Amino acid sequence: MIQALRGTRDILPEEVGYWQLIEQTAREILTKAVYQEIRVPIFEQTSLFERGIGEATDVVGKEMYTFTSRGGKTSITLRPEGTAGVVRSYIQNKLHAQGGVQRLWYTGAMFRYERPQAGRQRQFHQIGLELIGSDAPRADVEAIAVATEILQALGLKNLSLDINSVGRGEDRQKYKEALVAYLEPYKAELDEDSRDRLTRNPLRILDSKDRKTQEIAQDAPKIIDSLSDSSKRHFDTVLNLLTDLGIDYQIDHCLVRGLDYYTHTAFEIKSNDLGAQATVCGGGRYDGLVAELGGPDTQAIGWAMGMERLVLLLQQLTESPVNTPDFYLVSRGAVAEAQALLLSQKLRQTGFTVELDLSSSAFGKQFKRADRSGAVACLVLGDAEADNKTVNLKWLASGEQKAIAQAELLGMTEELKTRIAELRQ
RNA sequence: GCGAGCGUAGCCAAGUGGUUAAGGCAGUGGUUUGUGGUACCACCAUUCGCGGGUUCGAGCCCCGUCGUUCGCCCCA
């Protein structure tokens with residue numbers, strides 16, 4: 001038997017309602033904030049991610065699905081995240097020439113070669129937002145606010161917003177030096193990974209889960225103290241505006257995100273109800289990325305949410321929304337079955353959901369299936385009804401039924417809709 | 001890449017070396033060939049992920065392998 005590859009999975013009908021709910025909710029809120037959907041390719045030239053995300057990052061270093069195109073010349077990579085592709089498109093299509101800011105959002109599959117675990121897969125799905133062309137602190141807060149609105153609209157609880165500023169390039173360089181200077185004397189006591197990172201990517205040491213390393217990191221210099229005045233002012237303004245909007249946050253001095261392009265604001269929204277992979281939404285400002293990828297000097301901020309993780313949370317809260325029919329059509333006998341088929345189509349055209357039993361089996365069997373389908377009402381068509389063009393309308397909850405002309409049934413749409421809506425309560 | 005747990009039917013499972021592999025859900029047929037939800041009856045794994053080994057005998061023990069889950073790393 002051929003199975004789905006490790007780290008990929010099927011989203012079956014019983015689960016897909018959650019996905020549709022998330023997509024629909026996000027789409028509504030994003031649309032109200034006048035974000036426009038953008039759809040970009042699922043694979044790109046490898047160098048886009050190498051330059052955009054950073055060669056030293058884990059994502060680029062060991063997690064990308066990279067292959068050579070058939071011609072043998074181009075190195076191609078399945079996108080491991082959404083921002084790089086959107087920014088490439090922004091530059092290539094000269095969206096900056098339209099002036100002002102671009103408010104964009106996207107959704108789709110991302111790919112990273114990692115060991116699967118709870119809330120982590122090799123093919124996973126994100127919904128993300130990019131607000132390109134503003135360096136205003138209000139942009140940071142708008143982006144975060146839209147994220148929290150979506151999460152709130154989904155009814156998710158126990159979420160917390162962690163935020164930090166990683167400053168701009170110069171700030172970070174200065175901080176890196178201070179941090180390395182502080183850590184150097186403790187080198188022997190750090191865990192192995194952190195020792196490696198001392199030269200390669202010292203900021204990430206702050207994030208280590210090793211006990212001893214955490215203790216040492218506690219007293220390390222804070223990045224905030226290395227920020228320039230303007231960077232500090234930006235961060236303070238963002239925090240004040242969050243407070244104005246009533247959005248709670250914790251400053252996490254150790255929050256350093258794994259992609260190189262982040263500047264200034266970095267944030268994560270986490271849940272207590274997930275396993276080790278607790279981040280539901282992550283993002284930040286990326287003021288240097290557009291220029292780095294060959295576009296004009298342009299500031300921007302964005303985030304991405306992990307759809308699988310949202311689904312995990314929703315599953316804890318609600319039953320999967322299911323599509324149950326208004327009518328289940330029971331029929332038997334050649335003429336009756338043909339009429340039932342036609343009737344099902346006409347009912348659909350007037351706005352009902354209709355399931356047609358295709359079995360020709362005994363009425364008893366068909367009623368049993370009608371029950372299981374969760375239908376509100378049954379329409380019964382046998383030889384007798386077929387002869388005089390009637391149909392038996394049976395309300396399944398009460399068992400009440402009556403014969404009615406097919407033409408008449410099709411004319412009482414509003415009355416039926418009201419009745420069905422009542423019975424669905 | 002590293003560590004730990006788990007693989008018995010479509011799903012949930014009992015079973016810890018000794019004849020025929022419990023049970024439940026779902027499914028199919030029937031009691032009931034023009035009326036469902038309840039009830040009752042029947043059917044539904046020659047086989048326990050796969051390969052090898054130990055043994056008179058293996059779902060059960062051992063080795064390998066594949067899959068899966070959780071964790072490390074990293075991130076959504």
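By convention in this document, chain letters (A, B, ...) are assigned in the order of the sequence lines, proteins followed by strands, and residues within each chain are numbered from 1. Worth knowing before you read on, the calculation uses all heavy atoms, side chains too, and leaves out hydrogens, waters and symmetry mates. Computed from a predicted structure; not experimentally measured.
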Distance check, [atom1] atoms only: [N] and [M], in whole angstrom units.
| N | M | atom1 | answer |
| --- | --- | --- | --- |
| B:G24 | B:A9 | C1' | 13 Å |
| B:A22 | B:U47 | C1' | 15 Å |
| B:G34 | B:U28 | C1' | 22 Å |
| B:C12 | B:G29 | P | 25 Å |
| B:G27 | B:C11 | P | 15 Å |
| B:U54 | B:C61 | C1' | 8 Å |
| B:C48 | B:G53 | P | 16 Å |
| B:U8 | B:A14 | P | 11 Å |

Please classify the nucleic acid contact of [X] as base, sugar-phosphate, or nothing, using heavy-atom distances under 4.0 Å.
| X | result |
| --- | --- |
| A:Gln121 | base |
| A:Cys378 | nothing |
| A:Gly382 | base |
| A:Gln123 | nothing |
| A:Gly128 | nothing |
| A:Lys394 | base |
| A:Ala362 | nothing |
| A:Ala118 | sugar-phosphate |
| A:Gly283 | nothing |
| A:Glu63 | sugar-phosphate |

With the criterion set at under 5.5 Å between ring centres and under 30 degrees between planes, would B:A76 be stacked on A:Phe124? yes
Could you tell me whether the side-chain ring of A:Phe363 sits stacked on the base of B:U35, using a centroid cut-off under 5.5 Å and a plane angle under 30°? no
Could you go step by step and tell me if A:Trp19 and A:Glu23 meet the side chain to side chain donor-acceptor pair (under 3.5 Å) rule? CA-CA 6 Å; A:Trp19 289 77; A:Glu23 285 157 10; over 6 Å; no
Choosing from [options], which nucleotide comes nearest the side chain of [X]?
| X | options | answer |
| --- | --- | --- |
| A:Gln277 | B:U68, B:C72, B:G34 | B:C72 |
| A:Asp371 | B:G36, B:G34, B:C72 | B:G36 |
| A:Asp383 | B:A76, B:G34, B:U35 | B:G34 |
| A:Arg120 | B:G36, B:A76, B:G29 | B:A76 |
| A:Val380 | B:G37, B:U35, B:A76 | B:U35 |
| A:Ala384 | B:G34, B:C70, B:A76 | B:G34 |
| A:Arg115 | B:A76, B:U69, B:U35 | B:U69 |
| A:Gln117 | B:G29, B:C73, B:U35 | B:C73 |
| A:Arg6 | B:U35, B:G71, B:U68 | B:U68 |
| A:Ala276 | B:G34, B:G36, B:G71 | B:G71 |

Can you tell me how far [atom2] of [N] sits from [atom1] of [X], to the nearest Å?
| X | N | atom1 | atom2 | value |
| --- | --- | --- | --- | --- |
| A:Arg332 | B:U32 | CZ | P | 16 Å |
| A:Gln366 | B:G37 | CD | C1' | 16 Å |
| A:Phe267 | B:A76 | CZ | C1' | 12 Å |
| A:Asp357 | B:G36 | CG | P | 14 Å |
| A:Asp10 | B:G10 | CG | C1' | 15 Å |
| A:Leu12 | B:C11 | CG | P | 12 Å |
| A:Glu114 | B:U69 | CD | P | 14 Å |
| A:Leu255 | B:A76 | CG | P | 11 Å |

Counter-base of B:G1, judged by Watson-Crick or G-U geometry with both distances under 3.5 Å: B:C72
Tell which nucleotide pairs with B:C11, taking only Watson-Crick or G-U wobble pairs whose two distances are both under 3.5 angstrom. B:G24
For A:Gln3 and B:G67, is the shortest distance between a side-chain N/O and OP1 or OP2 below 4.0 Å? no
Looking at A:Arg372, I'd like to know whether one of its side-chain N or O atoms comes within less than 4.0 Å of OP1 or OP2 on B:G27. yes
For a side-chain contact (heavy atoms from CB on, under 4.5 Å) check, start with the C-alpha distance between A:Arg88 and A:Gln45, then their side-chain angles and the critical distance, and finish with the verdict. CA-CA 10 Å; A:Arg88 192 226 80 234; A:Gln45 283 189 33; over 6 Å; no
Is there a side-chain contact (heavy atoms from CB on, under 4.5 Å) between A:Thr77 and A:Phe111 once you walk through the steps? CA-CA 9 Å; A:Thr77 294; A:Phe111 304 86; over 6 Å; no
Between [X] and [Y], does any side-chain N to carboxylate O distance fall below 4.0 Å?
| X | Y | value |
| --- | --- | --- |
| A:Arg332 | A:Glu337 | no |
| A:Lys176 | A:Glu170 | no |
| A:Glu149 | A:Lys32 | no |

Which residue lies more 5' along RNA chain B, comparing A:Lys368 with A:Tyr113 via nearest heavy atoms: A:Tyr113
Name the residue closer to the 5' end of RNA chain B, choosing between A:Tyr262 and A:Lys62 according to the nucleotide with the nearest heavy atom. A:Lys62
Can you find a pair of side-chain heavy atoms, one from A:Leu95 and one from A:Ile132, that are under 4.5 Å apart? no
Is there side-chain contact between A:Leu129 and A:Leu104, with heavy atoms separated by less than 4.5 Å? no
Going through the distances and angles, do A:Ser165 and A:Arg285 end up as a side chain to side chain donor-acceptor pair (under 3.5 Å)? CA-CA 9 Å; A:Ser165 173; A:Arg285 186 160 270 290; over 6 Å; no
Cation-pi check, A:Lys62 to A:Tyr113: give yes when NZ or CZ is under 6.0 Å from the six-membered ring centre and within 45° of the ring axis, no otherwise. no
Centre of A:Tyr175's six-membered ring, under 6.0 Å away, within 45 degrees of the axis: is that where NZ or CZ of A:Lys222 sits? no
Tell me which residues in residues 22-37 of chain A put a heavy atom below 4.0 Å from RNA chain B, sorted by number, or none. none
Working for ring pair (Phe, Tyr, Trp, His ring centres under 6.0 Å), residues A:Phe327 and A:Phe352: CA-CA 8 Å; A:Phe327 292 113; A:Phe352 295 103; 5.2 Å; yes
